[in-house]
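All remarks here apply to the structure that follows.
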Amino acid sequence: MKAIVLILLAILARATSIVDAQDTAPPAVDLYSGQKEPEVTPEPLAPNVPELSQLDEAFKQKSLGKEADQHRVHIEWRQLKNRVVNDPSVRAAKAAALAARTDLEKRNRLRNYYNVYYDRMSALASSAEMKLALEALKTTYFTSIDQPRVRPSPPPAGSSPTPTPTPERKHHKKHGR
């Protein structure tokens, strides 16, 4: 029993010496008295961070070659086509073109349909390159609708209205055996 009491007293003495070993510093301690204070330089939050304009340039699409660019434009065109095909104004213009009674009326309504269709696609296009491609497609469709040989166009001013001669065909008889 005496041994237990001695061990407890030793532990208690040790604990009191640890508590008294470190006193807290007073609230107003000047650690740099008599010394020059070091200059505080703000450290950058993240080293080597590029400017915003450099980041914009890095994320712009770069050309991977002519075929890859054409493929990318084709994919975007198909996506636009799928979005526009069910648009009510586009469907109404297409229905009107299909309901035309005469060839001339159908060509005029098809012009209107292609104007509505490609204008809607151009409004949804994200890049200037796609808008140029859509304009080229629209022009292609318009030239397919035109029928320049149905009726001759009037001759330009100042020229004579003489018909152009057609080349004569030579007829050859085939000799059969």
Side-chain angles (χ1 to χ4, degrees), residues 31-32 36-172 174:
L31 297 176
Y32 300 105
K36 182 179 174 185
E37 286 189 33
E39 293 183 21
V40 178
T41 57
E43 293 185 30
L45 296 176
N48 300 328
V49 175
E51 294 294 321
L52 186 60
S53 61
Q54 292 172 338
L55 287 173
D56 288 342
E57 285 296 320
F59 285 105
K60 283 186 179 177
Q61 291 183 348
K62 303 229 181 333
S63 176
L64 299 175
K66 185 177 179 181
E67 289 181 14
D69 289 342
Q70 287 175 347
H71 186 67
R72 186 176 40 82
V73 167
H74 181 74
I75 289 171
E76 187 176 351
W77 171 73
R78 291 294 299 191
Q79 290 170 345
L80 287 172
K81 183 178 177 181
N82 290 338
R83 287 174 63 189
V84 171
V85 75
N86 290 326
D87 187 79
S89 60
V90 173
R91 291 180 72 139
K94 186 174 183 177
L98 295 175
R101 293 183 174 196
T102 64
D103 185 48
L104 178 63
E105 184 181 7
K106 185 171 186 170
R107 282 187 278 124
N108 288 334
R109 289 184 181 186
L110 280 173
R111 279 188 193 91
N112 179 45
Y113 164 70
Y114 287 127
N115 275 328
V116 170
Y117 182 70
Y118 282 103
D119 288 347
R120 181 75 178 124
M121 285 175 71
S122 184
L124 295 174
S126 62
S127 65
E129 181 184 17
M130 188 66 218
K131 290 182 181 186
L132 289 173
L134 289 171
E135 196 62 37
L137 285 170
K138 182 178 174 181
T139 304
T140 302
Y141 279 109
F142 278 174
T143 55
S144 70
I145 293 172
D146 289 339
Q147 292 185 350
R149 296 181 188 224
V150 172
R151 292 188 186 125
S153 58
S159 66
S160 64
T162 57
T164 57
T166 57
E168 293 183 24
R169 294 185 182 185
K170 295 181 182 178
H171 297 283
H172 296 283
K174 290 186 178 180

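These values consider heavy atoms only, across backbone and side chains, with no hydrogens, waters or symmetry-generated copies. We're numbering straight along the sequence, starting at 1.
- Here the closest heavy-atom approach between residue E76 and residue S127 is recorded as OE1-OG, 4.0 Å.
- Between Y114 and Y118, the ring planes are tilted. Angles from 30° to 60° get that label.
- Judged as a salt bridge (charged side-chain N to carboxylate O under 4.0 Å, His left out), the pairs with a partner in residues 119-140 (not counting sequence neighbours) are, in order, R72-E129, D87-R120, D119-K138.
- A distance of 11.5 Å separates CG in L124 from CD in Q79, rounded to the nearest 0.5 Å.
- Counting heavy atoms from C-beta on, the side chains of K94 and V90 never come closer than 4.5 Å.
- We find the OG-OH distance between S89 and Y117 to be 12.0 Å, quoted to the nearest 0.5 Å.
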Is there a side-chain contact (heavy atoms from CB on, under 4.5 Å) between N108 and L104 once you walk through the steps?
-> CA-CA 6 Å; N108 288 334; L104 178 63; 4.0 Å; yes
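- Other residues, nucleotides and ligands contribute over 12 non-hydrogen atoms within 6.0 Å of the CZ atom of R111.
- The NE2 atom of H74 lies 9.5 Å from the CE atom of M130; values are rounded to the nearest 0.5 Å.
- The OH atom of Y141 lies 10.5 Å from the OG1 atom of T143; values are rounded to the nearest 0.5 Å.
- Going from atom CD of E105 over to atom CG of L110 covers 10.5 Å, rounded to the nearest 0.5 Å.
- How far CD1 of I145 is from OG1 of T140: 11.0 Å, rounded to the nearest 0.5 Å.
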What do the steps show when you test N112 against R109 for side chain to side chain donor-acceptor pair (under 3.5 Å), and what is the final call?
-> CA-CA 5 Å; N112 179 45; R109 289 184 181 186; over 6 Å; no
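- When each of V116, L80, V85 is checked for a side-chain contact (heavy atoms from CB on, under 4.5 Å) with M121, only L80 meets the rule.
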